[in-house]
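Order of the sequence lines sets the chain letters (A, B, ...), proteins ahead of strands, with each chain counted from 1. The structure displayed is predicted, hence computed values, not measured ones.
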Amino acid sequence: MLSAEEKSEIDHEITKFPVRRSACLEALAVVQRHRGWVSDDTLKAVADYVGMSATELDGIATFYNLIYRKPVGKKVVRICDSVSCFIMGYDKIRSKIEQELGIQLGQTTPDQEFTLLPTPCLGTCDHAPALMINDSLHRDLNEDNVAQILRHE
Amino acid sequence: MPTIFIDNKPYNVQPGQNVLHAAVSHGLNLPYFCWHPALGSAGACRQCAVQHFKDESDTQGRMVMSCMTAATEGSRFSINHPTAKSFRADIIEWMMTNHPHDCPVCDEGGECHLQDMTVMTGHNKRRYRFKKRTFENQDLGPHINHEMNRCITCYRCVRYYRDVAGGEDLHAFSASNKVYFGRFEDGPLDSEFSGNLVEVCPTGVFTDKTFRAYYSRKWDLQTAPSICQNCSLGCNISPGERLGTLRRVQNRFHPEINGYFLCDKGRFGHRFVNEKNQVKVVHPIGPLIKEGLMIGIGSPRASLEANYALRKLVGADNFYDGHTELEHRLLSKIMEILSQHPETASLEDVRNADAVFILGEDLTQTAPMLALSIRQNLYKRAQDGAGTQGIPDWNDLAIRNAQPELPKVVYLAHDIPTKLDPLVTHKISTDLESIQDWIPALKAAKNPVIIAGTSLGSEPLIRMSIELRKMAPQAKLCYVLPAANSFGLMLLKPKSTPLLTHRGETAIVLENNLPLSTLSHLHNIIAIDFLESETTKNATLALGCGSFAETTGSMVNNEGRAQRYYSVFERREQRPESWRILRDLGDFSWQNIDELCAEFAQEFPIFEPFLKQVHNTQFRIDGQKIARQSPEFSGRTSMYTNISLHEQAPLQDPDSPLAYSMEGYHGDMPPDLASSYWRPGWNSVSAFNSLSHATSGVKLKP
């Protein structure tokens, strides 16, 4: 199930820990990098590979919001809904994005381009409201610039 | 014994207890969720908050979680302090925001810890007016029903299932308000101890699916103290009946045997009581006309009383063992050993041992609660290890952090993979040479237990157990036997069956399905049993008797502990005890079990201490028999209107101090007579915390 490349990357992660199963989260990150998300079958294969039960590994996978257990679009928009962003107009930004993309929080556009997810904090409260699209951070958002950002990404 | 003050009243507490445990042991109404006497404290639910004072002059105090606070000498607490009270009210209100209003259709309703705690805290009106979070449930197999919406995330289920029972297929998923307890995908739970989730879960997330199939409220069940029939350990159970069917089995605490838990075989393995293929009752039956040689074949699954009655009927010379020839040989050897070394290990001894040596038993299969006791043992070793670091033995999470790998003190000799293998420090084949390697570890241990048994049919292994015992006189022996009353039957000194070679004789076969090789030797069979079998089908005369659930009798478990089980119910079409059938066949005069036992004790003085101690038919509390039905038992006047419009008189029970009635004694009682736990405000199994934890049963020496 796991490709040779994935296995070798996981093996490398395993060397960093005293116990094989401790590398389980890194192993999930490895397969997600390759496949975009972690399917049930992928999860079982990773569980077997690091030596734990699928149930146990899924408990860990579902705890972290950056491990995707459903397919996501090419661009994952993570909008901060924590206190500072909330005060600074998260609601409006969110509505604007939902309107632009035609999806709600937790959904993916039919063309598989965008997935919209909430995130608790991006550590940039002084420039709230903020969001991230894949690895790039966007701050000081308002209803006007957010549409621009989506289009340019 | 330290004294602590709760709301200015002094209470004696057990040394090393936490304040919550101490408070509920004294019957105080302090609500809690995540603590469990067998799981320890997690400090997670915040429901057991109390106010802690510096000294007598301190009226302000500070809030602490009582489960995470040691009950040290002279410490002062308040449950009723307004700050703690309002804090607890807030906690329950938060917990209840998502809880459905489905108590009337919930299986847990009426015996729900969450319901009790909500009432106790005074939360009776929901202010939360938003959408509740909802989940999809999973199919967890034939035994456990799953209803996640009711969850209050106390984490008791995974702490029990993973940490105590060693199960790997139940886990917490996701985070914050969406935490979900279940499996990776639908499917039956793997653990042999999954049924305990029903009692561990404080609300209706995990409920008994077999009970649900034909459901009744707790207060409508008739219960009696009983003994599990499914293996030789003699775990204490509380079966519940209504309208002539056995509905469920729950745990009945015994400190030296099962403690707080049962295996799934014990909890779900009693449905045969409701099977349709019961042998027809022919009762009363006249005395047997004795013609020619008559032999009796006893049974390790029948009571002592029934086996004794059979022996009396056919005579000691004609009383044969219901075990196979091989089992008989192994059991004789074990009896011989135990007559010289009577110190057998209870499950509690196994839980406390500092090393366990297992010779050829796959315990998860042959005596499951022994396997669970070994898992509990390893946790106790971790508690001890953490204790040296100053961590109290109730502080579960700290213990598991301090001792991330459970210590390994289990030595196993077996030729196939077993479920205990991951816990074993040294696994070898059953080859006797290699077992010698254990000797240094055995000698070094302070209170080791040596476990062997009959399941592999190996006499050398049983001999090996005594060789090991000779090298370590401090070790206790524990033998896993073929059936619930194997020990008891052997004490009646039956002959081995292969001696049965004569033809043309009459054989009375008691509650036993004999191998065809034995049956073929027998020409004329009188079979007494509850369910039809090859033996009853081949019998000239098959006589139906009652199952364990509707008869009273005694059994001796694998440690030689004699215990009595009491009939839970009587069917409208009564099924007699085997001993009553045998009494009639033999024309004996015993009117009730006491009269039989008086004669029994005379003939077998070994049983005398037990028969003196057991609560016989004359025992009363406050002049009353003990009620099997709760004071809230409903439908009494109408439940048999399909038979007659007139209310049926309660059936009489001549064999026990219990009554088939809601009338009678309901209060505190000796542990061997208690089958349902209840205290005002405590309708769930948690009521047990403030009741007697005394031991029961009498250990016999062969």
Chain A interface, residue from A175(B), S174(B), A172(B) that has the most non-hydrogen pairs under 4.5 Å
S174(B)
Of the backbone (N, CA, C, O) and the side chain (C-beta and beyond), which part of L43(A) lies under 4.5 Å from a heavy atom of chain B, both, or neither?
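The side chain, not the backbone.
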Name the region of D40(A), side chain, backbone, both or neither, that has any atom closer than 4.5 Å to a heavy atom of chain B.
both
Mind running side-chain contact (heavy atoms from CB on, under 4.5 Å) on F114(A) and V72(A) for me, showing each step along the way?
CA-CA 7 Å; F114(A) 286 98; V72(A) 290; over 6 Å; no
Between E199(B) and R156(B) (salt bridge meaning N to carboxylate O under 4.0 Å), is one present in this structure?
no
Looking at R162(B) and E56(A), does any basic side-chain N land under 4.0 Å from a carboxylate oxygen?
yes
Could you check whether the rings of Y32(B) and H113(B) sit parallel, tilted or perpendicular, using 30° and 60° as the cut-offs?
tilted
